[in-house]
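Everything numeric here is computed off the predicted structure, so don't read it as measured data. Start at 1 and go down the list; that is how both ligands and their atoms are numbered.
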Amino acid sequence: MSEEMVIALGSDHAGFPLKRRMRDYMDQQGIRYIDYGCFSENSVDYPDFAHRAAVSVSSRLTRYGLLICGTGIGVSITANKVPGIRAALCCTPFMAEMARKHNDANILALGARTTSYEQAIEMLEIFLNTPFAGDRHHGRVAKIHRLTGR
Ligand code: RB5
C-alpha cells in the first residue's frame with residue numbers, strides 16, 4: 001500500500017460499530033482515511049453516507065472506499081450508481097482478492113451483521129494490498145463503464 005493512499009469510510013448506524021473498530025485498527029497501522037459518517041448508532045439512511053464516500057473516491061480525493069451497513073447491500077447499491085465506482089460486496093477473503101484482481105474494485109462493501117471483525121480486517125488488508133491483474137480483465141472493466149455510461 002502506498003504512503004499517500006487515503007481511504008474513504010462510510011457507514012450507517014448498523015455499520016458504525018464495525019467501522020469504529022476498523023478505524024482503530026487503521027489508526028494503529030497508520031492507514032489514512034477520511035470518515036464521511038455516520039458517527040453514532042442513531043438511526044440514519046445509508047445512501048447519504050455511501051454516496052458521500054463514493055463521490056470522494058470517484059473524484060479521486062481518496063483512492064479506495066470502505067462502506068459498511070447491516071448487510072453491505074444498501075451501501076454497495078448506492079455506491080455503484082456513482083460514475084467510476086466499482087463497489088464490491090465481499091463476504092470472504094477470496095472475494096476481496098478477486099474484487100481487486102479481476103474487477104479492479106475501488107470500494108470494499110461489508111455487512112456488519114454478516115461479517116466478524118477478524119474477517120473484516122482480513123478482507124481490508126487483502127483489498128488494500130492486491131493489485132489489479134489487468135490483461136484480459138482490463139477490457140472487461142472498461143466495458144462496464146462503456147455499456148452503462150458510468
Ligand atoms: C439498517 O437496518 C439496514 O437496513 C441497513 O444497514 C442495510 O443493511 C441496508 O442494506
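Cation-pi contact between R21 and Y117: present, with separation from the ring centre below 6.0 Å and deviation from the ring axis of at most 45°.
Two residues are said to be in side-chain contact when any heavy atoms from C-beta on lie closer than 4.5 Å; R63 and R32 fail this criterion.
Looking only at protein heavy atoms, the nearest one to atom 3 (C) of ligand 1 is R113 NH1, 3.9 Å. Of the protein's non-hydrogen atoms, G74 N, 2.9 Å is the one closest to atom 10 (O) of ligand 1.
For the salt bridge (Lys or Arg N to Asp or Glu O under 4.0 Å) condition, no pair includes a residue of residues 140-150, sequence neighbours left out.
A donor atom on one side chain and an acceptor atom on the other are not found under 3.5 Å apart for Y36 and D48.
Short contacts between ligand 1 and G70, defined as distances under 4.0 Å to a heavy atom of the residue, involve ligand atoms 5 (C), 6 (O), 7 (C), 8 (O). Each of the following atoms of ligand 1 lies closer than 4.0 Å to a heavy atom of Y46: 9 (C). Less than 4.0 angstrom separates some heavy atom of A14 from each of these atoms of ligand 1: 6 (O).
Closer than 4.0 Å to atom 8 (O) of ligand 1 lies at least one heavy atom of the protein.
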List, one per line, each side-chain donor-acceptor pair under 3.5 Å for residues 105-112, sequence neighbours excluded.
{"from": "N106", "atom 1": "OD1", "to": "R86", "atom 2": "N", "distance (Å)": "2.8"}
{"from": "N106", "atom 1": "ND2", "to": "G84", "atom 2": "O", "distance (Å)": "2.9"}

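K19 contributes a side-chain N or O that, together with a main-chain N or O of G37, makes up a donor-acceptor pair within less than 3.5 Å.
For a threshold of 3.5 Å applied to N or O pairs, the pair formed by D12 and ligand 1 contains at least one separation below that value. Of the polar atoms of C69, none of the N or O atoms is found under 3.5 Å from an N or O of ligand 1, judged by distance alone.
Ring-plane geometry between H102 and H137 is classed as parallel, the angle between the planes falling under 30 degrees on a 0 to 90 degree scale with a further cut at 60.
Of all the heavy atoms of T71, the ones lying under 4.0 Å from any atom of ligand 1 are found in both the backbone and the side chain.
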